[in-house]
Amino acid sequence: MEGEDSHDKQTQTTVAPIHLKWMREAMSMAEEALTHSEVPVGCVFVRNHSIIARARNRTNELRNASRHAELEAIDLIIADKQLTPESTQYPLAGTVLYVTVEPCIMCASALRQLGIKEVFYGCQNDKFGGCGSVLGVNTRHPVHPSYQATGGYLREEAIMILRRFYVTENTNAPVPKQKSARVLKTEIPPEIQT
């Protein structure tokens with residue numbers, strides 16, 4: 001499962017209240033995803049102390065594996081002429097992302113190519129993480145600028161909402177797995193600091 005049984009190399013020891021505020025907004029989008037039988041990942045993009053876009057995973061709904069929360073929100077930002085008034089190489093410059101799970105390699109790359117300023121996330125994505133868990137796409141690129149990705153914000157809540165999803169039957173799966181005997185684990189191992 002995403003975000004479980006691993007440590008987050010970039011966890012903050014002190015958490016600024018503003019980061020928790022924005023992460024709670026992202027968690028509300030993850031809850032919305034869960035109610036729509038989607039992998040519960042949600043995000044908000046913040047610019048000038050305001051949310052400019054919010055989204056959730058829609059891969060099952062749209063039957064499109066690329067419709068991750070981050071890409072859904074990016075499409076909204078780029079389509080809005082007030083948020084992106086002119087064509088620019090880095091339309092996300094000056095924008096911060098708050099997302100419940102570490103961006104996957106695909107999303108981490110898109111964020112980099114669009115010039116995201118910084119990313120804060122809840123839990124690691126141990127299978128597909130693009131901000132250090134699997135690959136450090138946010139820090140390695142010959143052309144586009146790096147961005148800082150910091151995890152551990154509402155980590156336990158992010159893990160628990162994923163667990164809540166993964167113990168249920170995914171009726172949208174091509175071959176649904178029988179999960180009636182699964183039990184929701186509530187114990188979360190502590191993060192290991194490196």
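Below, all heavy atoms of this structure are taken into account, side chains as well, without hydrogens, waters or symmetry copies.
Shortest non-hydrogen contact noted between Ile78 and Thr84 is CA-OG1, 3.8 Å. Between Ala53 and Ile77 the shortest heavy-atom distance is CB-CG1, 3.6 Å. Counting all heavy atoms, side chain and backbone alike, Cys123 lies closest to Ala158 at SG-CB, 3.8 Å. Of all non-hydrogen atoms in Ser50 and Trp22, the two that sit nearest each other are CA-CH2, 4.3 Å. Of all heavy-atom pairs between Cys107 and Glu70, the closest is SG-OE1, 3.5 Å. Considering every non-hydrogen atom in both Phe165 and Pro40, the closest pair reads CB-CD, 3.4 Å.
Both Val41 and Met23 are members of a single hydrophobic cluster when ILVMFWY side chains are connected at heavy-atom separations under 4.5 Å. Residues Val101 and Tyr166 fall within the same hydrophobic cluster, defined by Ile, Leu, Val, Met, Phe, Trp and Tyr side chains chained together at heavy-atom separations under 4.5 Å. Leu92 and Leu76 are assigned to two separate hydrophobic clusters, defined by single-linkage of ILVMFWY side chains at heavy-atom distances under 4.5 Å. By the criterion of side-chain heavy atoms lying less than 4.5 angstrom apart, applied directly or through intervening Ile, Leu, Val, Met, Phe, Trp or Tyr residues, Val137 is not grouped with Val96; the two fall into different hydrophobic clusters. Both Ile74 and Val99 are part of a single hydrophobic cluster, where members link through side-chain heavy atoms under 4.5 Å apart.
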For Glu102 and Asn138, what are the C-alpha separation, side-chain angles and deciding distance, and is it a side chain to side chain contact (heavy atoms under 4.5 Å, CB included)?
-> CA-CA 11 Å; Glu102 175 187 3; Asn138 61 313; over 6 Å; no
Going through the checks in order, is the side chain to side chain contact (heavy atoms under 4.5 Å, CB included) test met by Leu154 and Leu20?
-> CA-CA 7 Å; Leu154 301 184; Leu20 293 176; 3.9 Å; yes
Does the side chain to side chain contact (heavy atoms under 4.5 Å, CB included) test come out yes or no for Leu111 and Phe45, once each step is laid out?
-> CA-CA 11 Å; Leu111 292 165; Phe45 283 77; 3.9 Å; yes
Decide side-chain hydrogen bond (donor to acceptor under 3.5 Å, both in side chains) for Ser109 and Gln113; before the verdict, give the C-alpha distance in whole Å, the side-chain angles of both, and the deciding distance to 0.1 Å.
-> CA-CA 6 Å; Ser109 179; Gln113 292 174 53; 2.8 Å; yes
CA sep, side-chain torsions, deciding dist, call: Arg112, Ser146, side chain to side chain contact (heavy atoms under 4.5 Å, CB included) | CA-CA 7 Å; Arg112 175 120 189 206; Ser146 297; 3.4 Å; yes
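At distances below 3.5 Å, not a single donor-acceptor pair connects side-chain atoms of Glu61 with backbone N or O atoms of Glu38.
You'll find the side chain of Glu157 stays beyond 4.5 Å of the side chain of Glu31, heavy atoms only. For the pair Asn125/Ile105, no side-chain contact is recorded, criterion being any heavy-atom separation below 4.5 Å from C-beta on. Between Arg54 and Val44, the closest side-chain pair of non-hydrogen atoms falls below 4.5 Å. Within the 4.5 Å cutoff, the side chain of Lys127 has no heavy atoms near those of the Val134 side chain. For the pair Met106/Phe128, no side-chain contact is recorded, criterion being any heavy-atom separation below 4.5 Å from C-beta on. Put simply, the side chain of Tyr121 does not reach to within 4.5 Å of the side chain of Leu97, judged on heavy atoms. Two residues are said to be in side-chain contact when any heavy atoms from C-beta on lie closer than 4.5 Å; Cys131 and Gln124 fail this criterion. Counting heavy atoms from C-beta on, the side chains of Glu72 and Leu62 come closer than 4.5 Å.
A distance of 12.0 Å separates CD in Glu118 from OG1 in Thr95, rounded to the nearest 0.5 Å. Atom NE2 of His19 sits about 4.5 Å away from atom OH of Tyr98, to the nearest 0.5 Å. Atoms OH and OG1, on Tyr153 and Thr100 in that order, are 15.0 Å from each other to the nearest 0.5 Å. To the nearest 0.5 Å, atom NZ of residue Lys21 and atom CD1 of residue Ile51 are 7.5 Å apart. In this structure, CD on Glu156 lies 9.5 Å from CZ on Arg163, to the nearest 0.5 angstrom. Here the OG1 atom belonging to Thr59 is positioned 6.0 Å from the NE2 atom belonging to His68, to the nearest 0.5 angstrom.
Among Asn57, Asp75, Asn60, the single residue meeting the side chain to side chain donor-acceptor pair (under 3.5 Å) criterion with Arg67 is Asp75.
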